[in-house]
Amino acid sequence: MDSFLVSPNGPLKGDVCISGSKNAVLPVMAAAMLANGISKISNVPNLKDTSTMSDVLRVIGCRIKEDKDCLSIDSSDINHLEAPYELVKTMRASFYVLGPLVAKYGKCRVSLPGGCAWGPRPVDLHLKGLEALGAKINVTHGYVEALIDGKLKGNTFSFPISSVGATANILMAATLAEGTSVLQNSSIEPEITALAEYLTGMGAKINGIGTRTLIVEGVENLNPGNGPTIADRIEAGTFLAAAAITRGKVKATNMVPAHQGALLEVFERIGCKITQGDNWVELDAEGCELLPAHIVTMPYPGFPTDMQAQLMALLATVKGTSSVRDTIYNDRFKHVSELNRLGADISLKEDTALINGGGELTGAPVMASDLRASAALVLAGLVAKEQTEISRIYHLDRGYENFESKLSALGAKLERVNG
Ligand code: UD1
C-alpha cells in the first residue's frame, strides 16, 4: 500500500487546474445505461472510483472506452442485471446502477454497500423511492432485488431527509416511468443539477432543476447522452484550504465559484482574502493572522461535510477555540485522532469536534481512514515540523486526480512511497 511522505516547505503559491467532479460523474456514468447506444462524457477525472464504476458497468455488459478525459459507454448489449458485492463493497456509489437498471430492464440485483468508515450509511431512501414508483424490493443474502411488472409508475415521493444518492437514483428511475413523478425535498447539490441536465440532454423531461421539487414526466426511451463533467468543488476547496493552512496564495482555475458559497464565506470569516472570476477563485492568506471559526455541515448550499476534515486541519493551526459539527454524518471524525497524533488538540463531543488551535504541529506516522480524512492529513503534513508519513493513501487515490503533482507544482514537498 502506498504512503505519502510530506514535509513543510513554506507557503503554497501558484495556479491549480481543477479536475472534473468525482461525485458528479459517477451517477452520470450509471445514467448512460438508461439509453441504448454510446453515451459520451468529457472532463472525466482519472480516479480509482471512476475506474471502479467502469468495472461495475462492464460486469453489467457495457462496453467502455477511455480516450484521455473522455469516456464512451456503450449500453447496447446489457446482459447481466447484477452489481456484485466484490465491487459495490469497494465503492458505495456503485449503488447508482439500481435505479437505471430497474427502470430500463424491469429487474436487477444489486449488492448492499455495507458499512463505511463514517458509521452507518443506510440506503433505505433509495429503496423507498423506488417502491413509491412501483418497484417490488426484496432484500436477501446481502443483495437488493428489484422487480417491476411492466414499467415503473410515476408518483409523488417526498424525501424525509436530503439525500444526494437517493435523489440521483430515483431521478434516473423516474425518467423512464409511466406518467409524472414529483420528487419533493430533493437534494440540490450541483452534482444533482448536473445529472438532471445530462438526463435532459438524453431526452428526459425534468422540470424544477436546481430546486427541491423535481417534476419528471416519464418518456418511452432516452437517447445516448453527451456532455462534460462539472468541476470538482471539493477538490477546489481542498486546494484553497491547502493555501490557507500554509498561509499561501493559490488560484484554483477551471472551476465554478458559485458552487463554493458556504466554503468561501468561512474562508473570508477566518481572515483569508478571496477574489474570484468567472471560473476561478484565489485564496490569499499570506501574512494573515487567521481567526477561529464554528462550522456546521449542512446539505447544499450549506457547508459541505466533504470539506470538514480539511477545515479541521486548518483550524488546528489557528489560535483560539474552533468547532466543527457534522450534522450529515455524526461519526465522520476518524481524522481527529490522527490529527492529534500530529500535535493538534481536538476533542470530540457527540457530533462536534472542539479544536483548541494554534499549537505547533509535528510530523508523525499517521493513517488515512477515508478520502477526505486523507486530504486533511496531507494538509496538516504541509505545516507539521519535519516529516509526516501518511499510510493507506489509496483512499486519496479514489477522489483526487494527480494530487501529489498538483500540490508539488504549488511548492509542496511530498513524495509517494510505493509499498
Ligand atoms: C454523497 C457524496 C458524499 C457526501 C454526501 C453528503 C457521492 C458519491 N457521495 O453521498 O461524498 O459526503 O453525499 O453530501 O456523491 N441517508 C439515509 N438513507 C438513505 C440515504 C442517505 O438515512 O437511503 C442519510 C445518510 O446516512 C446521511 C444523509 O442521508 O446522513 C445524507 O446522505 P447522502 O446525501 O445520501 O450521501 P451519499 O449520496 O451517500
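Just so you know, ligand 1 is whichever comes first in the structure, and atom 1 is the first atom listed for that ligand. Computed from a predicted model, the values in this text were never measured in an experiment. For the numbers below, each heavy atom of this structure counts, side chains included, while hydrogens, waters and symmetry mates do not.
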So is [X] touching ligand 1 or not, going by heavy atoms under 4.0 Å?
X	value
Ser162	yes
Glu191	no
Arg332	yes

Nitrogen or oxygen atoms of [X] and ligand 1 under 3.5 Å apart:
X	value
Asn23	yes
Ala93	no
Lys22	no
Ile161	no
Arg121	yes
Ala166	no

Do the side-chain N and O atoms of [X] and [Y] include a donor-acceptor pair separated by under 3.5 angstrom?
X	Y	value
Arg247	Thr317	yes
Ser75	Lys104	no
Ser162	Ser187	yes
Asp326	Gln308	yes

Applying a 4.0 Å heavy-atom criterion (strictly less than), which segment of [X] is in contact with ligand 1: side chain, backbone, both, or neither?
X	answer
Tyr329	side chain
Thr305	side chain
Asp306	side chain

Checklist entry - What atoms in ligand 1 come closer than 4.0 Å to a heavy atom of His126? => result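 Heavy-atom distances to His126 below 4.0 Å select 23 (O).
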
Checklist entry - Hey, which atoms in ligand 1 end up nearer than 4.0 Å to a heavy atom of Gly165? => result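 Atoms satisfying the 4.0 Å criterion: 35 (O), 38 (O).
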
Is the shortest side-chain heavy-atom distance between [X] and [Y] below 4.5 Å?
X	Y	value
Asp232	Pro45	no
Leu147	Glu145	no
Arg269	Leu291	no

Item to check | Crowding at CD, Glu350 (>12 non-hydrogen neighbours, <6.0 Å) | outcome: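 At most 12 heavy atoms, drawn from other residues, nucleotides or ligands, come within 6.0 Å of this atom.
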
Checklist entry - Tell me, which pairs form a ring pair (Phe, Tyr, Trp, His ring centres under 6.0 Å) where one or both residues lie in residues 151-209, sequence neighbours left out? => result Phe157-Phe159

Checklist entry - Which of the listed options, Val164, Leu371, Ile192, Thr167, holds the heavy atom that is closest to atom 34 (O) of ligand 1? => result Val164

Item to check | Lys/Arg-Asp/Glu bridge criterion (N-O < 4.0 Å) met for Asp2, Arg416 | outcome: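 Looking at Asp2 and Arg416, the cut-off is met.
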
